[in-house]
Asks: 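Have a look at this one before I ask anything.
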Amino acid sequence: MDDQTRMLGLGGGLGALSQADVGDPDSARKQQALGQPQQDIGDILQQIMAITDESLDEAQARKHALNCHRMKPALFSVLCEIKEKTVLSIRGVQEEDPPDPQIMRLDNMLLAEGVSGPEKGGGSAAAAAAAAAAGGSPNDGSIEHSDYRAKLAQIRQIYHSELEKYEQACSEFTTHVMNLLREQSRTRPISPKEIERMVAIIHRKFSSIQMQLKQSTCEAVMILRSRFLDARRKRRNFNKQATEVLNEYFYSHLSNPYPSEEAKEELAKKCGITVSQVSNWFGNKRIRYKKNIGKFQEEANLYAVKTAVDAANVSAQASQANSPATPNSGNEADGKR
DNA sequence: TCAAATGATTCCGC
DNA sequence: GCGGAATCATTTGA
């Protein structure tokens, strides 16, 4: 205890132990002149030293007496201050953590996907974007959209309920630890700052658990999105009209079945599909036609006739427009179809 | 249920 | 970046 006494600076001229007076030479001098407080400190230290040699009952009684001693708050205050300056200052350096970039990324993603933050907006926007990327027709897109939203809402609900649980547990645990430390602060020097630090440590621990929750939520959203976006899983055959339009173009340009960008856009608009779907279709068609010309010959003939008829139809309509005296010529052309 | 058809993706060469 | 070729995954029809 002598070492401790020296370390704590209690040996000489401590005087009144209030923090305000520490380091105040005038105050110390005044107290020393009085003589009494120094003697009190000596008594207290003697009593503390003697506690371990006493029986349990005696020690309890002594502790109680010390607890009620008028110098106790001042002594605690000094001990707290010294503890603050020595032990805790070492840890203090690493306490002001910058925001974790990983948590920030996860938060941003969860916000963008509409899992965290306001309920409306992000989620449906993401679903709409996903639906557009999937390239599905507008009709089935809405079905997929609602399906996606329902699943996203499910993830959101689980995320929030888990988050609530963690927050509640964190709050309960923090309260418990704070009460415990306050209780202990009656028998050992624990400053409010130290309690704050402990609370911060608990929060850091719980935030790492929260990060795991956020990570797994992000994974769930990614899986949902990839399933939703994986067009191969929900391939739909183009409707008959679209296939007809594409085939007409293909067989009428059989010598050079490579539509320009403008032609692709035009075809995409006509068929209600995307330009890349048109490109895919032509890619597949060229290769499959080339591989088995015989098989496609019948189809080629069919569309050749159809094209010829349509051309004749157009020219007939044109001549009808030029000679209003023959009003029935258009019907003949229709009859050929 | 299964083979064929079909739309999408991936890899590679130009 | 585009197109050919191979392949995958799903739909369709017998």
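All chains are named by letter (A, B, ...) in the order of the sequence lines, taking the proteins before the strands, and each is independently numbered beginning at 1. Below, each value reflects all heavy atoms present in this structure, side chains not excepted, and no hydrogens, waters or symmetry copies.
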Asks: Could you say whether A:N237 or A:S279 is positioned toward the 5' end of DNA chain C, judged by the nucleotide with the nearest heavy atom to each?
Replies: A:S279
Asks: Do A:E299 and A:K285 sit within salt-bridge range, that is, some charged N less than 4.0 Å from a carboxylate O?
Replies: yes
Asks: With a 4.5 Å cut-off on side-chain heavy atoms, are A:E194 and A:L181 touching?
Replies: no
Asks: Please confirm whether any donor atom in the side chain of A:N284 sits under 3.5 Å from an acceptor in the base of B:dA8, or the reverse.
Replies: yes
Asks: Using a cut-off of 6.0 Å, state whether more than 12 heavy atoms not belonging to A:Q184 lie near its atom CD.
Replies: yes
Asks: Between C1' on C:dG1 and CD on A:E261, what's the gap in Å once rounded to a whole number?
Replies: 11 Å
Asks: Can you give me the closest heavy-atom contact between A:L106 and A:M211, atom names plus distance?
Replies: CD1-CG, 3.7 Å
Asks: Does CZ belonging to A:F173 count more than 12 external heavy atoms closer than 6.0 Å?
Replies: no
Asks: Distance check needed: B:dT6 C1' versus A:I273 CD1, whole Å only.
Replies: 13 Å
Asks: Give the ring-plane orientation class for A:F250 versus A:Y289, where under 30° counts as parallel, over 60° as perpendicular and anything between as tilted.
Replies: perpendicular
Asks: Using whole Å, report how far CZ of A:F282 lies from C1' of B:dG7.
Replies: 14 Å
Asks: Can you pull out the residues from residues 285-297 of chain A that lie within a 4.0 Å heavy-atom distance of DNA chain B?
Replies: A:R288, A:K295
Asks: Can you name the closest pair of heavy atoms from A:F282 and A:P257 and give their distance?
Replies: CD2-O, 3.8 Å
Asks: A:Q277 side chain N/O closer than 4.0 Å to the phosphate oxygens (OP1, OP2) of B:dG7?
Replies: no
Asks: Heavy atom of residues 238-251 of chain A under 4.0 Å from DNA chain B: which residues?
Replies: A:F238
Asks: Checking all strands, does A:Y258 fall into the base, sugar-phosphate, or nothing category for heavy-atom contacts under 4.0 angstrom?
Replies: sugar-phosphate
Asks: With sequence neighbours excluded, give me every salt bridge (charged side-chain N to carboxylate O under 4.0 Å, His left out) pair touching residues 250-262 of chain A.
Replies: none
